[in-house]
Every structure is written in C-alpha cells, then in structure tokens.
Amino acid sequence: MSTSAHCSRFPAARPHLPSPAYLQLAGGRLSSAMQTAFAPCPGMVSPAHQRAHLSRHGFTAPFAAAQRQRPVSAPRAPRCAQASPVPVSVEPGDDPSRMTTDWSVHKFGGTSLADGSRFCAVADIINDEMNSGGRVFAVVSAVGGVTNRLERLVDAAVSHRPDVHYQEILDEVRDIHDNLSKETLTEDARAAFMTTLNKNLSDIGDLLRATWIARSVSARIRELIVGHGELWSAQILWGLLRSRDNVVCSWMDARDVLVARETEGTANRRVVELSRSDKLLREWIRCNPTSVVVATGFVCQDKEGVPSTLGRNGSDYSAACFANLLSANELNIWTDVDGVYSADPRVVFDAIVIPDMSYKEAAELAYFGAEILHPDTMGPIMDKEIPMRIRNTFNASGSGTTVRATVEEDQPVVAAPGPSADGLFRPRIVGRTADARGVKGFTTVSNISIVNVEGTGMIGVPGIASRAFQALFSCNVSVILIAQASSEFSICIAVPGSQDEEAVTALKGAFRPELMDGLISSVATVPDCSILAMVGEQMQQRPGVSSRLFASLTRAGVNIIAMAQGSSEHNISVVVDAQSESRALRAAHAAFYLSDQTISVGVIGPGVVGGALLAQLESQVKSLREKFRVDLRVRGIATSSRMVFGEPIDLGDWKAALKGRSAKEVSLDDFASYIQDTSLPHAVICDCTASEEVSKYYESWLRKGIHIITPNKKANSGPLEYYLALREAQKRLNSHFFYEANVGAGLPIITSIRDLLRTGDQFLVIEGIFSGTLSFIFNEFDGSEPFQQCRAREGEWLHRA
Ligand code: ADP
Ligand code: ASP
Ligand code: MG
C-alpha cells in the first residue's frame, strides 16, 4: 500500500477513512467510530483519498497552505512568559539531508511535562530557541506517568484485576489531560482538544471492552492504545504555543513519518528505517512549511503502515531519528536532571554531572541500564556527527552534558558538597575528580540470571561458544554478557532473569550429546544477579583501573560472580548478587569519584568528650576539606537512648536534632550499618562513652572494616582474650583501632612507645602517672577541700582542655 504524509491538523479530527490494514488487525469488527479514530496512519490512506478528504473539508490539494497557522482568535492571559514575534522563514521543500541545517531538535521527556507549569516552562524554552534563530523541532513524550497508566489499563482489562477496573484508570487519564488543558489552553483550543480527547478515550474504551471480553489483547492493539499519551501531549503543547503571539507552528503525528521494523532475532526491538522515513518527512515538511514543529515521540508506523511504538523510553530514539533526518545542528534531550551523572543520582548521593562524553561512552551507559537515555539514541546521531546535549528543564540555563564524537582529556576538578535546590548537601560542582582514571560513569542492570555451562569436555574444542550463542539466538534470548576462562572449563552467560529457563532448555538441547557423554557436566543457573558496568573510553590508557574497582568491591564485602572486559576497555562489567547491587554501585563510584579521604563519621556519646569533639569538628570541617582534602562527614550521633542520622548532620544543630522527630530509638547495629554506607570510602565510629556495652561491639565493627577511635578504656583493660580478638578482627580489612586517649589523657604516650619499639628500642622500665585524672588529683588534692570537690574540678578542667 502506498503511503503519504498528510497535513497536521488540530483541532479537526483525523480523516474519516477506513483503514484496511487496521480493520484487518481488529478482525473487521470495529465500529465506525473506531474506524474514524483509529485510521490515523498514512500507510492506510492513499494520497488520492487524502486529497479527496481535504477538499471535502475545504482544504485544497496538495495538502494545502492548510498547514498555515490559524491566528489565535483570543489569546488568553498567558500563565507563562510571552513570546516575542518570531520571523518565520519558510522554505517549502527544503532539503533535510544537507549536512547541517538550521533545525535544532529538542526532546522533552515525561518528567518535563508533568503539569501545566512544566508545559509552560517547555514552551518558554521553545520560544527562547526560536528567538535565537533557526527552526525548532520539538519531540514530546507523554505527560509523566500517562504511558504507565495506559499500559496498566490494558493489563487490567486482560487480567480482570479485582482491585482496579480499567475504566478507573481511563478516567484518571482523562482527568490528567482535562486539567492540563484547563491550565494551558485558550477556551477555543481547549474545546477542540477535549473533543479529540473524548473521542479517543471512548474508542479506547471500546477496544478495552473487547479486550476484557476476550481476556487477551494483540500486540498491535496494545501498541495503539499505549501510544496515545504522546498524541495528547503534543496537541496540548501545540495549542499552548499557538496561543502565544505570532508563534507559528505545526504538530506532527510521528506515525505519519517514522517507519520502523522489528530487528531480526531481537524481539520487541524496533529500528527506524531512515530512508523510508526520510521520504515521508520531506513530504510532510513540504506540506507544513513552518519553523516550529511539535512532534510525538515514541510512536511510529510499522512496515505495513500499522500504528506502532519504538518501545518504552523510545522518545529519545525518535528525537535522534528526526535529528538525523533533518541533519539538525544539535539534539537536545531535556529531562529533570542536570545532565548525565556519573551514576544514577537516585542511588548514588555523590554522583556528579559529567560535562562531556563521547557517543560510545553514552551508548555503553545507556545499554547497561542508565535510564537517562534510550540505548538506540546514539546510532542516528553518530551517523552525522550531530552533537547532543542532555539538559534540565528545571535549570534551563545549565550547561548539561554534551555528547559528541570525541572528548578532551579529563579535567581534574574535585566535586565538593554544597547545598542544593532540594535542601540537601550534595556534590554540585560539575567536573571529575583528579583520580577518575578515565572512568566516566557507572550503571547497573537488574534482574539478571547467570547461566553456567561447565565441563572438561569443552577444553580446546572449537565452536563451543558459537553453538551456545546460536542456541540462545534461536530462542530469542538476548545475551548481555559472556565470560569464558582461558581454560575453557566453563562459559558463563548473563541473560535477562525472565528468560533463564528458556536459556537453560536451549543450551541443554544444543549440548545434548556432550551432556550424555559427560563432557559437559552441567548447565545451571544462578538467579537474582545484577550487572555493574564501569564505562569510559580513556580507561584503557590508565593502569590499575580494574584493580581499583575490585578492591572497592572487596572492601564493601561484595562478592564478584563473574566479570567481563571488552578488548576496547570501554566497559568493564562485573556480575554481583542482586542484593549487593546498590552497595556495589556506591562503593565502585566512591573509589573513582570521591577523594580517598572522604570519611563517614559516627559519634557515640555526645557528652563532655563527645560534645567537645563535635564542636571541634564543626569549626574544623571546612578548613580540613579545603586545606588538606580530608572530607569528614558526621552522619550519625547516638546517645544511650536515641540516635540521629543526616547527610551530613548540621553540627550547629545536633542537640535539637537528637530531640527532634527524626531521632530514633538507639540500635548500635543499625547505627554502624548507616555509618558504613558504602558510598563513602571510609567509615569511623568515635566512641566517646565509658560504656562496656558499647566496647563489646568493637570486634564486629572492626571485622566489617569500620575504624574505631575512642578514649573508652573498657576494651583494652578487659580480659586478654578480648584484647587479642580485637587485634585479630583488625587484620582482615586492615581496620584501625585508635585509642591514644586511653592513657595519659591523650598525650602521645602510646604512639611514642610504639615508635620506639618499631625502631628497635627495648623498654626496661616505664615510670609515670598515665592517668590524667590521677595526675590532676595528685597535683591538686592537699586535703584543704573535700575529695568530691577536687574530682569535680578535674571534670571542669578536662572540659576546658
Ligand atoms: P524523561 O522522562 O525525561 O525521559 P527518564 O525518567 O526517562 O526521563 O530519565 C531521567 C531519569 O534518569 C532521571 O530522573 C534520573 O533519576 C535517572 N537516571 C538514571 N541514571 C542516570 C544517570 N547516570 N544520569 C542521570 N540520570 C540518571
Ligand atoms: N512515553 C513513553 C514511555 O514512557 C516514551 C518516552 O517517554 O520516551 O516509555
Ligand atoms: Mg526517558
């Protein structure tokens, strides 16, 4: 069937043309209303039909200057900044394939389209871009949360879920768009939009009823329903832009232009056919000669012209395809964070924005799960070397992350914590630590299973790995990672957790002869794993990168199940058990992105000694960081009854915090776990109590790698076995136990004795009074005052000291 672009229209309904392709997929039982609403795909509409339709509606072929913008009859009092008049340079038939054009492509994700004020912010960004010259091609996702709801309502209809009816979700979807249109559109535009919305929803309702009755749904119907979010958000943004003075724009239903096919052997992965799409886009531009276009992300048509989608998160890919087709000068991905972070900022508190990265680095991060970008985004822009910027709609003037073909050497910039917009103290300085060693970022892939093929019969036999791949390929299981020891005694393959059973069955089938002869001893799975990937193009030039990664994981007590490093060294991946995923990510990130001297500190017993320590820390923390790069973060304070945590705790206000509602009942196990947050390289507990109870925890803390600093004498003056057990506990993770203040009120007695012993001296006798309290009393007590009074003076003296 021939295809043709049609002119964008809003608020007019789509052409009332039956679609043979569509009718076929719906079993020919669609109501005429549904035919009307769901005949949107140009693949179903011949140019002749379209022309006939357009002329019926008063447009003249070919595709009318109809696309010229209708002047806004009554611009409503705008809630966002007004746009100034924009000069429009319209060049119908412009050749979008020349090397770079004056088009810039801007993709706005659902996180940037959450409510009316966000739509206005997006419209402001588009206005600013228009004012700086050039043509703007905006690609929009659905309003935040709408695609999830559309998926849920299809699931609800299929599964007859007792807790939620699809109609309730449909009503929520209506309310979201109804409210948005109230906030953003003029009365006229809103009325037109609501007509379209209600009509679409009623048709979706009909499809869902059929689904509910049949208790099943075809993939095509699901895609059709799920893709509607983008149609609505694009029309709302289009209406909003048009309500601004002289903003001349068109909206594009990307199903009219982007043609995608499934890639061979990879289920549910669509690839856009750029050459077919190019023809449709040229035609569309010829018919819609405006300098601002609002296009739907995510949706496309399949090779038969049936509505389809590019898969979840696919709007990034849509935008990259448009950037390629238009030979745009830049692709901007607008989202809700300041750029690509060195790790998922929701998991790693200290992650920092990467100022620039290469296409390969961005692609590796995206393929290995960084949600910020769809993995296929880089392909179309790499082709034409179009630079991409990841920017924050909440901070439009920020520089974001630039992604291009090559990047300069690392700039050694230290990220220091500072207060952020959300009131937390986080590293906000954009840059890299001096010691990142070419590592750009970390990411994780959850829900992985490892399949191990083991046996001595594989040694030296050619083709084992390729037979394994072939078996997995034939049952459509995607291989995420493969590791094979040089002995070839085992092959370890990481596959999606949901596909491990198919993988084992396929591999057992492929190696049946070897299994029967005992040459392969087992094909078995290790479920519940995650992959941690470390990415950076310049890692290959730096020695010691892998060892630093492994050391950090060991220190955090993370067991490495498998590892793989490509020869390009752009990516080093390790498989860990799912429970360790966040811990592994934080520990690995800290090893490369934080100063080695970043220390998580917990103080127990904020009395006279502990209180003085906290006061000292308050006055010294800043200069320690600035002068010596020692970054002390007091993250926990515990008394005998309560404890409080913070990131870090405000040391000017810790007393109030301990009395406040965020304080909890004390549990020293929980306290230690919090202090040993593996996102920071070191953990220290300062025990400022005189409690034997607390000292009993030392052994377990030292064993976990938590360092202890204490004036508490109980541990060192108890039974010899405990003293020896503490020394033993220190060994495994080389944890420190500093107790200088146990003797001589903190005078450097213990260190001096240790230094003398280490340098070969021998002690014949040690004489002195090593107790601060006894020294004071022997000096001061002369019987002229009661002993109690002298003790009290000693306490005051200690406090002043
Ligand atoms: P959009 O709706 O704009 O497409 P997404 O939710 O798809 O936004 O992606 C943005 C989110 O990706 C951010 O809010 C952030 O929490 C998450 N994210 C995960 N990994 C990273 C990373 N390495 N850098 C930045 N953001 C990340
Ligand atoms: N709206 C779609 C989704 O949520 C596509 C996208 O946002 O990129 O997956
Ligand atoms: Mg996204």
Side-chain angles (χ1 to χ4, degrees), residues 106-114 118 121-122 125 139-152 173 176 222-223 225-234 254 258 268 270 295-300 308-321 332-355 357 361-377 389-395 398 400-401 403 422 430 439-446 532-536 581-582 585-586 588-589 593:
H106 297 260
K107 178 260 170 174
F108 298 95
T111 51
S112 302
L113 298 166
R118 298 318 308 156
V122 165
I125 291 171
V139 178
V140 293
S141 292
V143 172
V146 164
T147 313
N148 286 347
R149 285 186 172 84
L150 293 171
E151 283 213 322
R152 265 185 28 231
V173 170
I176 289 170
R222 183 184 278 274
E223 305 249 334
I225 294 174
V226 168
H228 268 76
E230 273 69 11
L231 299 180
W232 299 322
S233 62
L258 292 185
N268 301 326
R270 307 264 153 67
T296 55
F298 186 46
V299 290
C300 60
S308 185
T309 72
L310 296 172
R312 293 306 305 266
N313 241 335
S315 302
D316 300 333
Y317 181 40
S318 311
C321 291
N332 294 269
I333 303 280
W334 292 90
T335 181
D336 65 340
V337 288
D338 278 335
V340 180
Y341 276 73
S342 46
D344 185 340
R346 290 165 302 186
V347 183
V348 179
F349 188 74
D350 291 283
I352 60 172
V353 176
I354 304 169
M357 60 199 316
E361 289 169 335
E364 292 279 356
L365 278 178
Y367 274 113
F368 278 85
E371 191 183 316
I372 182 95
L373 281 175
H374 186 278
D376 293 338
T377 312
R389 281 171 75 195
I390 320 294
R391 301 166 77 179
N392 189 349
T393 40
F394 294 82
N395 175 21
T401 297
V403 184
D422 52 11
V430 171
V439 174
K440 278 296 171 55
F442 296 85
T443 182
T444 52
V445 191
S446 310
L532 165 72
M534 176 167 85
V535 168
E581 181 182 319
S582 314
L585 180 62
R586 290 186 187 142
H589 183 269
Y593 268 90

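Note that ligands are numbered from 1 as they come in the structure, with each ligand's atoms numbered from 1 the same way. Values reported hereafter were calculated over all heavy atoms of this structure, with side chains retained and with hydrogens, waters and symmetry mates removed. Keep in mind the model is a prediction, meaning the values are calculated, not measured.
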Practice problem: Please report the C-alpha distance between Thr296 and Val139 in whole Å, then the side-chain angles of each, then the deciding distance to 0.1 Å, and finally whether the side-chain contact (heavy atoms from CB on, under 4.5 Å) criterion is met. | Solution: CA-CA 6 Å; Thr296 55; Val139 178; over 6 Å; no
Exercise. Go through the steps to decide whether Arg270 and Glu223 satisfy the test salt bridge (Lys or Arg N to Asp or Glu O under 4.0 Å), and finish with yes or no.
Key: CA-CA 12 Å; Arg270 307 264 153 67; Glu223 305 249 334; 3.1 Å; yes
Quiz item: Could you walk me through whether Arg389 and Thr401 pass the side chain to side chain donor-acceptor pair (under 3.5 Å) check?
Solution: CA-CA 5 Å; Arg389 281 171 75 195; Thr401 297; over 6 Å; no
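Residue-ligand proximity, Arg346 to ligand 1, at heavy-atom distances under 4.0 Å covers atoms 16 (O), 17 (C), 19 (C). Residue contact check: Thr335 has heavy atoms under 4.0 Å from atoms 1 (P), 3 (O), 8 (O), 10 (C) of ligand 1. Ligand 1 places these atoms under 4.0 Å from at least one heavy atom of Ala343: 23 (N). Taking every heavy atom of Gly339 and a limit of under 4.0 angstrom, the matching atoms of ligand 1 come to 24 (N), 25 (C). Listed by number with element, the atoms of ligand 1 under 4.0 Å from a non-hydrogen atom of Val340 are 24 (N). The ligand atoms of ligand 1 that sit less than 4.0 angstrom from a heavy atom of Asn313 are 7 (O). Annotation for ligand 1: atoms under 4.0 Å from non-hydrogen atoms of Asp336 are 10 (C), 13 (C), 14 (O). Those atoms of ligand 1 with a heavy atom of Lys107 less than 4.0 angstrom away are 4 (O).
Between Tyr593 and His589, the ring planes lie parallel to each other; the angle is under 30°, not in the 30° to 60° tilted range.
Taking distance alone, with nitrogen or oxygen atoms compared against 3.5 Å, Asp316 stays at or beyond that limit from ligand 2. The shortest N or O to N or O distance between Ser342 and ligand 1 is not below 3.5 Å. The shortest N/O to N/O separation between Val337 and ligand 1 does not fall below 3.5 Å. Here's the thing with Ser112: none of its N/O atoms is less than 3.5 angstrom from an N/O atom of ligand 1.
The protein non-hydrogen atom at the shortest distance from atom 22 (C) of ligand 1 is Tyr341 N, 3.8 Å. The single protein non-hydrogen atom nearest to atom 18 (N) of ligand 1 is Asp344 OD1, 3.9 Å, given as residue, atom name and distance. Ser141 OG, 3.1 Å is the protein heavy atom nearest to atom 7 (O) of ligand 2. Nearest protein heavy-atom contact of atom 1 (P) of ligand 1 is Thr111 OG1, 3.4 Å. For atom 5 (P) of ligand 1, the closest non-hydrogen atom on the protein side is Glu371 OE2, 4.1 Å. At the top of the distance list for atom 4 (O) of ligand 2, counting protein heavy atoms only, stands Arg312 NH2, 2.9 Å. Remark: minimum distance from atom 6 (C) of ligand 2 to any protein heavy atom is reached at Ser315 OG, 3.2 Å.
Side-chain contact of Asp336 with Asn392: a donor-acceptor pair under 3.5 Å is absent, judged by distance alone.
Atom OG1 in Thr335 sits 11.5 Å away from atom CZ in Phe108 (nearest 0.5 Å).
Using a cut-off of 4.0 Å between Lys/Arg side-chain N and Asp/Glu carboxylate O, Arg346 and Glu371 are scored as salt-bridged. Look at Glu364 and Lys440 and you find no salt bridge, because none of the NZ, NE, NH1 or NH2 atoms lies under 4.0 Å from a carboxylate O.
Smallest separation of non-hydrogen atoms from Leu585 and Ala343: CD1-CB, 4.2 Å. The two residues Cys300 and Leu310 make their nearest non-hydrogen contact at SG-CD2, 3.8 Å. Of all non-hydrogen atoms in Pro375 and Ala366, the two that sit nearest each other are CA-CB, 3.7 Å.
Among the atoms of Thr111, no N, O or S atom falls under 2.8 Å of the Mg ion (ligand 3).
Using 4.0 Å as the threshold, Ser141 has no heavy atom nearer than that to any atom of ligand 1. The shortest separation from a heavy atom of Pro345 to ligand 1 is under 4.0 Å, placing the residue in contact. The shortest separation from a heavy atom of Gly314 to ligand 2 is under 4.0 Å, placing the residue in contact.
Under 4.0 Å from ligand 2, the heavy atoms of Glu230 that appear belong solely to its side chain.
Without hydrogens or angle criteria, Ser233 side chain to Ser141 main chain gives a donor-acceptor distance under 3.5 Å. In terms of modelled atom types and a separation under 3.5 Å, the side chain of Arg118 and the main chain of Thr393 share a donor-acceptor contact.
Proximity of Val337 to Ile372: side-chain heavy atoms (C-beta onward) are separated by under 4.5 Å at one or more points.
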